[in-house]
Amino acid sequence: MDVLVDLNAGQREAVETIEGPVLILAGPGSGKTRVITHRVAYLIKTCGINPHRIMAVTFTNKAAREMTERLQVLVSRAVGNLTLGTFHAICARILRREGKAAGINPGFIIYDEDDQLELIKRALQTLNLDPKKFVPRAILSAISASKSRMLTPQDCALGSRSYFDEVVGRVYERYQQLLNESQALDFDDLLMRTVFLFRNYPDILAKYQERYIHVMVDEFQDTNLVQYELIKQIAGKYRNICVVGDPDQSIYSWRFADLRNILNFEKDFPDAKVVYLEQNYRSTQRILETASHLIKANQQRKYKELWTNNELGERTSLIETYTEQEEAQFVVQEIQRLVDAGEAKLGDCAVMYRTNAQSRVIEEAFVRYGVPYKLVAGTRFYERREIKDIISYLRLVQNPYDSVSLMRIVNVPGRGIGQHSLDELANWAASQSISQYQALQRLAGPDLESAHLPFSSRIAKTLGNFGSLLKELIAQSLEMNLVDFFDFLVTRSGYKDFILGEENGDERWDNVMELRTVAEGYRDLAPAEGLGSFLEGVALVSDVDDLKETVDKVTLITLHQAKGLEFGVVFIVGAEEGLLPHFRSMDDALQIEEERRLAYVGITRAKRKVYLVHAFRRNLMGRSTVNKASRFLGDIPANLISGGEVWQAAESTLGSDIAMAKPKAPEVPSQAPSPEVKSGDRVRHAQFGEGVVVSSVSRGDDSELVVAFSGAGVKKLLLSFAKLEKVN
DNA sequence: CGAAAGGCTCTTTTT
DNA sequence: GAGCCTTTCG
């Protein structure tokens with residue numbers, strides 16, 4: 001298969017320019033990932049580069065998997081020795097191999113956000129700081145920000161400008177100590193400590209620089225400083241570095257992604273070749289135009305002119321419903337209608353939302369109507385209590401110094417080890433300058449005389465029993481394959497009986513068994529290796545979806561997760577002020593622009609048809625709120641929009657109290673021979689300026705209008721008062 | 001020690 | 001509305 005066939009001029013240039021730095025600025029649907037994949041294939045197949053000497057970094061594990069599959073087709077063989085994965089996965093691998101030099105135990109555990117928060121809380125406690133005054137989340141975010149800029153606790157202490165900064169510095173230092181004691185690295189450490197390793201050990205860096213002749217990074221707009229630093233290090237020798245990104249799809253600034261990386265690239269590599277990919281192969285003209293108008297409202301952007309040869313397509317539908325339940329109902333029924341009419345298949349449709357919380361109501365509607373769907377669960381599965389418990393056991397077996405895991409399961413199932421006992425254990429361990437694990441082992445020892453212990457023999461005995469259990473588990477883990485050990489563990493620890501005795505025990509046990517299924521993928525590895533790989537996999541993987549890719553189901557997904565995907569029909573729900581843009585982003589112009597990019601990402605996922613849906617009223621945080629339509633709707637010209645109608649549930653489809661409690665719905669919404677203005681029209685208001693009529697509803701002999709103004713946001717107006725004039 | 005109940009806060013996005 | 005934390009009681 002010729003890897004250059006079917007590429008347009010720009011794509012071809014991007015693939016064939018293999019010498020020196022290359023910056024590819026690629027619009028949505030322009031074949032960005034395809035370019036990277038073909039570039040790798042080109043290097044291997046045409047240029048004869050050993051895959052071992054190529055690194056390709058993707059944003060998610062899923063993207064990495066897909067690229068592997070596509071590559072196999074292109075190169076017509078497996079390319080196993082290619083370095084392909086996320087920054088985190090690649091760094092973890094490097095640190096396991098080389099970290100010893102920097103004092104990193106190769107068996108380190110990777111701490112996720114929950115683990116991090118535990119440690120922060122513990123750090124606050126030991127520093128006598130009030131977690132109410134210093135919110136652990138905020139502290140963690142500040143620490144993470146520091147790490148993304150490669151700042152150590154010492155750097156923070158020096159640079160602190162406020163009391164909060166100063167506290168953060170102190171907590172950061174303590175937190176780092178706790179991580180070390182637990183022989184754990186957090187997500188940020190994986191990156192930062194790799195960079196430091198390379199900085200401090202030039203010979204190690206040289207080895208990797210020598211190895212990687214070609215380095216490629218996808219989704220470059222979402223990289224942060226430490227990630228950029230890392231690839232600059234690795235590509236330092238050959239300088240064959242190719243980055244691909246789209247500033248308009250940068251949606252991870254909250255994870256400290258920094259657009260300056262793209263801007264600085266041309267400064268850091270003045271000889272960089274810049275390639276623009278502006279032809280869109282995915283969407284209809286109207287969708288592309290809709291998206292372009294939306295994104296043009298952003299100030300902070302690098303201009304790009306997207307175009308397509310695709311057909312004109314349908315207008316984007318603007319729908320208002322009364323509540324979020326009706327919103328969900330509209331979506332399901334519309335999908336059913338599309339399917340019945342043969343216009344789409346279920347698997348062709350996606351429902352996108354800003355927050356995960358929104359998925360519940362949507363899900364309920366799909367269940368009620370019996371329409372198959374798949375929820376892209378994100379990390380959900382691995383956040384379940386029983387799953388975290390089992391993983392904690394496994395982590396503890398691999399690394400008994402992991403204090404977060406120890407604390408989590410030491411008394412699950414109940415072994416009579418309460419807070420008091422744990423305090424005693426911690427104190428005793430500290431007084432002996434040994435770890436809690438070592439302390440437990442001493443208590444488990446046969447020749448233990450309770451005389452020297454500062455606590456009761458009963459406590460010593462229960463703790464000792466647990467110590468023996470741990471010891472036994474560790475011993476067995478070295479003898480059995482992962483699956484056998486898994487079974488041994490859940491039985492021997494008493495976890496199985498414990499969980500089955502709980503409420504919803506069967507369901508939870510099913511989840512445990514699902515985890516076991518994951519473990520089966522590691523059955524054939526040597527015992528220690530199997531456990532290690534498994535734990536690394538679950539620590540760095542977030543997408544448990546795609547198990548049944550082929551099944552015909554509607555996809556429910558967050559806007560963030562949707563990046564990089566495409567669907568025939570896209571419903572964006574909750575297109576409301578407060579949700580999109582999210583209220584946490586509303587007081588900052590830059591954040592608003594990121595929210596707009598998020599909407600842009602959503603719209604550009606669609607091939608054929610977009611629905612923008614919002615609810616007049618919805619329950620948020622347990623409270624009923626009335627939300628205006630999203631200001632972003634005002635960025636879209638009227639001629640690209642159809643509808644703007646208020647959708648109404650057919651009678652008694654829900655039969656719920658909600659439907660009953662609904663005030664009398666307006667009789668004739670959109671088709672009403674509305675006096676002068678109808679939805680979709682462009683109007684001018686004396687005070688608010690120009691805008692688009694989002695909806696128009698008859699109220700007696702007046703009309704209630706919702707107008708999205710480009711300057712003033714979304715306003716509800718009465719036709720008789722508003723003195724609107726139509727614009728063309 | 002542990003279960004249960006009550007009270008509090010704060011809700012984004014993910015490797 | 002949930003999850004987390006603290007308090008209370010057996």
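Nothing here was measured: the structure is a model prediction, and the numbers come from that model. Just the heavy atoms: all of them, side chains too, but no hydrogens, waters or symmetry mates, feed the values below.
Nucleic acid contact for F59(A): sugar-phosphate only, since backbone atoms but no base atoms lie under 4.0 Å from a heavy atom of the residue. Among the protein residues, F583(A) comes within range of no part of the nucleic acid, since none of its heavy atoms lies under 4.0 Å from any strand. Heavy atoms of N411(A) sit under 4.0 angstrom from primed sugar atoms or phosphate atoms, though from no base atom.
Taking atom P in both dC4(C) and dT13(B), the straight-line distance is 15 Å, to the nearest Å.
Sorted by first and then second residue, the pairs that involve residues 217-226 of chain A and meet salt bridge (charged side-chain N to carboxylate O under 4.0 Å, His left out), not counting sequence neighbours, are K32(A)-E219(A), E219(A)-K563(A), D222(A)-K563(A).
Looking only at atom types and distance, the side chain of Y175(A) has a donor-acceptor partner in the side chain of Q116(A) under 3.5 Å away. Using a 3.5 Å distance cut-off with no hydrogens or angles, the side chains of K62(A) and Q561(A) do not pair a donor with an acceptor. Side-chain atoms of N298(A) and Y600(A) include no donor-acceptor pair closer than 3.5 Å. Defined by atom type and a distance below 3.5 Å, a donor-acceptor pair is missing between the side-chain atoms of N511(A) and E507(A). Side chains of T83(A) and Y212(A): a donor on one and an acceptor on the other come within 3.5 Å.
With distances taken from any side-chain atom of S421(A) to the nucleotides dC1(B), dT15(B), dT12(B), the minimum falls on dC1(B). Taking every side-chain heavy atom of Q561(A) into account, dT14(B) is the closest of dT14(B), dC10(B), dT13(B). Among the nucleotides dT13(B), dC1(B), dT15(B), the one closest to any side-chain atom of H88(A) is dT15(B).
The strand DNA chain B forms stems, runs of 3 or more Watson-Crick or G-U wobble pairs with distances below 3.5 Å, at B:1-10 with C:1-10.
At a threshold of 4.0 Å, the pair R408(A)-E118(A) does not count as salt-bridged, since none of the basic side-chain nitrogens sits closer than that to a carboxylate oxygen. Under 4.0 Å is where a charged nitrogen must lie from a carboxylate oxygen, and between D389(A) and R508(A) no such pair does. With respect to the salt-bridge test (charged N to carboxylate O, under 4.0 angstrom), the residues D112(A) and K388(A) qualify.
Two residues, R415(A) and L620(A), neighbour DNA chain B, and the one matched to the more 5' nucleotide by heavy-atom proximity is R415(A). Between I417(A) and T558(A), the one whose closest nucleotide on DNA chain B sits nearer the 5' end is I417(A).
In this model, no side-chain donor or acceptor of H582(A) finds a partner on the base of dT12(B) within 3.5 Å. Between the side chain of W254(A) and the base of dT13(B), a donor-acceptor pair under 3.5 Å is found.
For Y353(A) and dT11(B), the OH to C1' distance is 17 Å, given to the nearest whole Å. Rounded to an integer number of Å, the gap from R618(A) CZ to dG1(C) C1' is 15 Å. Between K147(A) atom NZ and dT15(B) atom P there is a gap of 18 Å when expressed in whole angstrom units. Remark: P of dT14(B) and CG of L540(A) are 16 Å apart, rounded to the nearest angstrom. Atom-to-atom, CZ of F187(A) to P of dT14(B) comes out at 12 Å; the value is rounded to the nearest Å.
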Which protein N or O atoms sit under 3.5 Å from an N or O of nucleotides 2-5 of chain C?
{"unit_1": "dC5(C)", "atom_1": "OP1", "unit_2": "K121(A)", "atom_2": "NZ", "d": "2.9"}

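A donor-acceptor pair is defined here as one N or O able to donate and one able to accept, closer than 3.5 Å; no such pair exists between the side chain of Q329(A) and the backbone of A365(A).
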